[in-house]
Amino acid sequence: MSRAVVLVPLGVDAARHGDELRDIAAATGASVAFLQAGTPSLADELDRLAGTGARRIELVGLGLGAPTARSWLRRVAGHWRRENDAVELVIAGRAVTGAEAPLTSPAWEDVPAHARQVLVCRGPRCSARGSAATATALDAELRRRGLGDDDVLVTQTGCLFPCNQAPVLVVHPDDVWYGGVRPGVVPDLVDEHLVGGRPLTERRLPRPGA
């Protein structure tokens, strides 16, 4: 093999479409690798292809409206290229040279000082029942109030397990679990819990042993 094409879905919930993506890849002679939260990772797939003799690999980023993730695609590809200079990498017709921005930065050295971390489930069931809109609403509400990552750190995750309660959201270190968190619930959740420190009783889920 001298040339290969890799489809790289960019979103955090892309892995739930893995079977469909692999079908598309198989029909087009490509393979699939995930930028985040999926297997194989982009670096692992590039290693595999290089091991089969690929000398030119074209990366196709999949995902609309994800400029930050697109920049990370080039960062990750550049990191791999610096350690594998015998393979030509291309993204959208532009060569990956190895001179791209690194994966490390002084801004990412320290553990953030946030008071609370919110986990938003983006597993298959929560995603199917609207957790993407919940995550968007939460980000917008926090921005509206001028709260950044050093106040509340929002992290989208894989399955958190009480799927029947979707969309599921967890606030740490308070160990408070919420279910049915639709976008309309978000302003009250921010007001009562993330700002006021009082869990939102009507959406709280009991946790055995807590």
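Residue numbers run from 1 in the order of the sequence given.
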Task: Which residues share a ring-ring contact (aromatic ring centres under 6.0 Å, His included) with His193, sequence neighbours left out - done: Tyr178
TODO: Indicate yes or no: at least one non-hydrogen side-chain atom of Trp80 is less than 4.5 angstrom from one of Val96.
DONE: no
- [ ] Measure the spacing between CG of Leu35 and CZ of Arg70 and express it to the nearest 0.5 Å.
- [x] 10.5 Å
TODO: Rounded to the nearest 0.5 Å, what's the gap from CG on Leu194 to NE2 on His114? Could you check?
DONE: 12.0 Å
Task: Separation of Glu88 CD from Glu58 CD (nearest 0.5 Å) - done: 8.0 Å
Open item on the list: With side-chain contact (heavy atoms from CB on, under 4.5 Å) as the criterion, how do Leu73 and Leu42 come out once you've worked through the C-alpha distance, each side chain's angles and the decisive distance to 0.1 Å?
Closed with: CA-CA 9 Å; Leu73 173 58; Leu42 177 56; 3.6 Å; yes
Task: Pairs involving residues 30-59, ordered by first then second residue, that meet ring pair (Phe, Tyr, Trp, His ring centres under 6.0 Å) (sequence neighbours left out) - done: none
Open item on the list: Working note: Val185 + Arg203, criterion side-chain contact (heavy atoms from CB on, under 4.5 Å); need CA distance, chi angles, decisive distance, verdict.
Closed with: CA-CA 9 Å; Val185 176; Arg203 293 291 174 179; 3.8 Å; yes
Open item on the list: Test of understanding: clusters of I, L, V, M, F, W, Y form through side-chain heavy atoms closer than 4.5 Å, transitively. Do Val186 and Val168 belong to the same one?
Closed with: no
TODO: Look at the side-chain heavy atoms of Ile, Leu, Val, Met, Phe, Trp and Tyr, link any pair under 4.5 Å apart, and say whether Leu205 and Leu169 land in one connected group.
DONE: no
Quick one: side chains of residues 98-105, donor-acceptor pairs under 3.5 Å with protein atoms, not counting sequence neighbours, listed by atom name and distance.
{"residue": "Glu100", "atom": "OE1", "partner": "Gly98", "partner atom": "N", "Å": "2.8"}
{"residue": "Glu100", "atom": "OE2", "partner": "Thr97", "partner atom": "N", "Å": "3.0"}
{"residue": "Ser105", "atom": "OG", "partner": "Ala107", "partner atom": "N", "Å": "3.2"}

Task: Reported SG-to-CH2 distance for the pair Cys121 and Trp177, which is rounded to 0.5 angstrom - done: 8.5 Å
Open item on the list: Per the ring pair (Phe, Tyr, Trp, His ring centres under 6.0 Å) rule, what does the pair list look like for residues 89-108, sequence neighbours excluded?
Closed with: Trp72-Trp108
Open item on the list: Rounded at 0.5 Å granularity, tell me how far NE2 in His172 sits from CG in Asp175.
Closed with: 5.5 Å
Task: Closest non-hydrogen atom pair, Leu10 against Gly63 - done: CD1-O, 4.3 Å
In a table with atom names and distances, give each donor-acceptor pair under 3.5 Å that connects a side chain of residues 150-160 to protein atoms at least two apart or in another chain.
{"residue": "Asp151", "atom": "OD2", "partner": "Gly148", "partner atom": "N", "Å": "2.9"}
{"residue": "Thr155", "atom": "OG1", "partner": "Gln117", "partner atom": "NE2", "Å": "2.8"}
{"residue": "Gln156", "atom": "OE1", "partner": "Arg122", "partner atom": "NH1", "Å": "2.6"}

Task: Neighbour count >12 (heavy atoms, 6.0 Å) for atom CZ, Arg125 - done: no
Open item on the list: With a sphere of 6.0 Å drawn around CZ of Arg94, does it hold more than 12 non-hydrogen atoms of other residues, nucleotides or ligands?
Closed with: no
Task: Contact summary for Gly38 and Ala15, nearest pair of heavy atoms - done: CA-CB, 4.0 Å
Task: Closest non-hydrogen atom pair, Pro40 against Glu45 - done: CG-OE1, 4.0 Å
Open item on the list: Under the rule for side chain to side chain donor-acceptor pair (under 3.5 Å), what residues qualify as partners of Glu141, not counting sequence neighbours?
Closed with: Arg144, Arg145
- [ ] Looking only at non-hydrogen atoms, find the nearest pair between Thr39 and Arg22 and report the distance.
- [x] O-NH1, 3.9 Å
Open item on the list: Applying a strict under-4.5 Å side-chain criterion to I, L, V, M, F, W and Y, I'd like to know whether Val170 and Val190 cluster together.
Closed with: no
- [ ] Please tell me if the side chains of Pro9 and His17 come closer than 4.5 Å, counting only heavy atoms from C-beta onward.
- [x] no
TODO: Check the surroundings of atom CD in Glu109: do more than 12 heavy atoms from other residues, nucleotides or ligands lie under 6.0 Å from it?
DONE: no
Task: Side chain proximity check, Val8 to Ile91, heavy atoms < 4.5 angstrom - done: no
Open item on the list: For the backbone of Pro167 and the side chain of Ser131, can you confirm whether one donor and one acceptor N or O come within less than 3.5 Å of each other?
Closed with: no
Open item on the list: Using 0.5 Å steps for rounding, measure from the CG atom of Leu49 to the CZ atom of Arg56.
Closed with: 14.0 Å
TODO: Kindly indicate, with the supporting measurements, whether the criterion side-chain contact (heavy atoms from CB on, under 4.5 Å) is fulfilled by Ile24 and Leu7.
DONE: CA-CA 9 Å; Ile24 294 169; Leu7 308 182; 4.1 Å; yes
Task: Note, Leu21 side chain near Leu62 side chain (heavy atom, < 4.5 Å) - done: yes
Open item on the list: A side-chain contact here means heavy atoms from C-beta on lying under 4.5 Å apart; do Ile57 and Leu59 qualify?
Closed with: yes
- [ ] Consider only side-chain heavy atoms of I, L, V, M, F, W and Y, link residues closer than 4.5 Å, and tell whether Val90 and Val87 are in one cluster.
- [x] no
